[in-house]
Amino acid sequence: MTETGQPAGAAPQAGSAAHRSAPVPLHGAAAAQPTTDSTTPSTPEAVARTDGRHAPIGALVYFSSASENTARFVASCRLDEVGVNVYRIPLKPGAAQLNVREPYVLMVPTYGGGDAKKAVPVQVKRFLNNPANRAWIRGVIASGNTNFGTAYCAAGDIIAAKCRVPYLYRFELMGTREDTRKVRDGIVRFFSERRG
C-alpha cells in the first residue's frame, strides 16, 4: 500500500530519499499477542457495515487536530462501507480515554514543524502508552508537510519503529483523491490478507 508500490512491509519513501527520524518514547513496543483486560472497549465513531454474518475486517484509529484535516480525509475514505470500524483519538485531555480491542491501523498527522522530537501528537502518545491499546496496532499511516524536510511524515517513522509494525502509507497535508483510493483499497487488502 505504499505510495511507491512497494509491499506493505517495505520501507516507505517520499520523493527520492527515505525519511527516518529519532524515536520518541512510547514506553515499549507492541506485544506479540494482545493481552486481555477488563477495560470496556470504546464504541467506534463509524461502525463497519456488514451483512450480519461477518465481523468487521479490522479498524482504523486516527487522530485529527482542531483543523479537522485528518478527519475529513478519513471520512472521504468511507471505510465503514468496506467493513472497517473507525475510531477517533480524543483531542481534549479531559475526554474519555479511547480503548480499542481489535486489530487496527493507526493514522496520524505529523506535528513539530520539522522537529522530529515533536512529530507524534501528545494524544497519540497517550493512546499508545496504554499497553492494551498498543497490543492491537498492526500498521501505521502518516500525513505530513514536505516543508518539514527530512521530518516529512516523521510520526509514521517513529511509531512504526517503536511499535514494530509496517509503515503502510504516507501522504501530504489533506491528501488527494488518489491517496484516498489507495488508503481505502490498501486497508481492505491489508486486513484481508491477514485473515486468509
Side-chain angles (χ1 to χ4, degrees), residues 1-24 26 45-46 58-82 84 86-91 98 104-128 137-191:
M1 181 163 69
T2 63
E3 64 187 347
T4 58
Q6 296 172 336
Q13 295 186 5
S16 61
H19 297 283
R20 293 287 162 216
S21 308
V24 170
L26 293 173
E45 169 183 80
L60 176 84
V61 173
Y62 76 97
F63 175 74
S64 187
S65 69
S67 73
E68 295 291 312
N69 289 340
T70 308
R72 283 191 290 276
F73 182 87
V74 170
S76 70
C77 290
R78 301 181 329 273
L79 293 168
D80 58 313
E81 296 176 7
V82 291
V84 177
V86 177
Y87 298 86
R88 183 175 183 167
I89 296 172
L91 177 61
L98 179 64
Y104 67 88
V105 169
L106 177 65
M107 183 180 291
V108 60
T110 299
Y111 281 16
D115 183 350
K117 292 178 182 173
K118 297 177 181 175
V120 179
V122 172
Q123 296 90 335
V124 174
K125 289 181 193 178
R126 190 176 304 122
F127 172 78
L128 289 173
I137 188 172
R138 298 296 180 265
V140 64
I141 296 169
S143 65
N145 188 326
T146 54
N147 291 338
F148 291 178
T150 59
Y152 170 67
C153 293
D157 292 314
I158 293 164
I159 292 168
K162 293 298 284 185
C163 294
R164 297 183 185 129
V165 294
Y167 190 158
L168 301 172
Y169 195 74
R170 60 178 58 185
F171 60 93
E172 185 164 11
L173 300 173
M174 294 175 281
T176 64
R177 285 188 181 150
E178 183 67 5
D179 291 323
T180 301
R181 184 192 64 75
K182 286 181 177 180
V183 166
R184 178 181 161 109
D185 295 348
I187 287 175
V188 170
R189 189 170 53 253
F190 181 75
F191 283 120

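Atom set for the values below is all heavy atoms of this structure, side chains included, hydrogens, waters and symmetry mates excluded. Positions are given from 1 along the sequence.
Taking all atoms of both residues into account, the shortest heavy-atom contact from Tyr87 to Ala59 is CE1-CB, 3.8 Å. In terms of heavy atoms, Pro166 sits closest to Ala160 at C-CB, 4.5 Å. Among all heavy-atom pairs drawn from Leu98 and Pro90, the shortest one is CB-CD, 4.0 Å. Contact between Tyr167 and Cys153 at its shortest, heavy atoms only, is OH-O, 3.0 Å. Taking both residues in full, the closest heavy atoms of Ala119 and Ala155 are given as O-CB, 3.6 Å, listed atom of the first, atom of the second, then distance. Minimum heavy-atom separation, Ala151 to Ala116: CB-N, 4.4 Å.
Contact of the Tyr104 side chain with the Leu60 side chain is not registered, since no non-hydrogen atoms from C-beta on lie closer than 4.5 Å. Side-chain contact check for Val122 versus Tyr111: every heavy-atom pair is 4.5 Å or farther apart. A heavy-atom distance below 4.5 Å is not found between the side chains of Ser65 and Thr70. Between Tyr169 and Asp179 there is a side-chain heavy-atom pair separated by less than 4.5 Å. When side chains are defined from C-beta on, Ile159 counts as touching Val124, because their heavy atoms get closer than 4.5 Å. The shortest side-chain heavy-atom distance between Leu173 and Asn69 does not fall under the 4.5 Å cut-off. In this structure the side chain of Arg170 reaches within 4.5 angstrom of the side chain of Asp157, judged on heavy atoms.
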Checklist line | Stepwise side-chain contact (heavy atoms from CB on, under 4.5 Å) test for Ile141 and Tyr62 | finding: CA-CA 9 Å; Ile141 296 169; Tyr62 76 97; over 6 Å; no

Next item on the list: Could you go through the side-chain contact (heavy atoms from CB on, under 4.5 Å) check for Leu106 and Leu128 one step at a time?
Entry: CA-CA 10 Å; Leu106 177 65; Leu128 289 173; 3.9 Å; yes

Item checked: Pair Met107-Val183, side-chain contact (heavy atoms from CB on, under 4.5 Å): steps then yes or no -> CA-CA 10 Å; Met107 183 180 291; Val183 166; 4.0 Å; yes

Checklist line | Residue pair Asp185, Arg181: steps toward the salt bridge (Lys or Arg N to Asp or Glu O under 4.0 Å) verdict | finding: CA-CA 6 Å; Asp185 295 348; Arg181 184 192 64 75; 3.3 Å; yes

Next item on the list: Please test Tyr152 against Glu172 for side-chain contact (heavy atoms from CB on, under 4.5 Å), starting from the C-alpha separation and ending with a verdict.
Entry: CA-CA 8 Å; Tyr152 170 67; Glu172 185 164 11; 3.8 Å; yes

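Arg72 places no side-chain N or O within donor-acceptor distance of the main-chain N or O of Met174, the cut-off being under 3.5 Å. Gln123 contributes a side-chain N or O that, together with a main-chain N or O of Leu91, makes up a donor-acceptor pair within less than 3.5 Å.
Rounding to the nearest 0.5 Å gives a distance of 13.0 Å between NZ of Lys125 and CD1 of Ile89. For the atom pair OG1 (Thr110) and CG (Asp115), the distance works out to 12.0 Å, reported to the nearest 0.5 Å. Here Leu168 contributes atom CG and Arg138 contributes atom CZ; the two are 12.5 Å apart, rounded to the nearest 0.5 Å.
In terms of the salt bridge (charged side-chain N to carboxylate O under 4.0 Å, His left out) criterion, residue partners of Glu68 (sequence neighbours excluded) are, by chain and number, Arg88.
Ring centroids of Phe73 and Phe171 are separated by less than 6.0 Å, placing the two rings close together.
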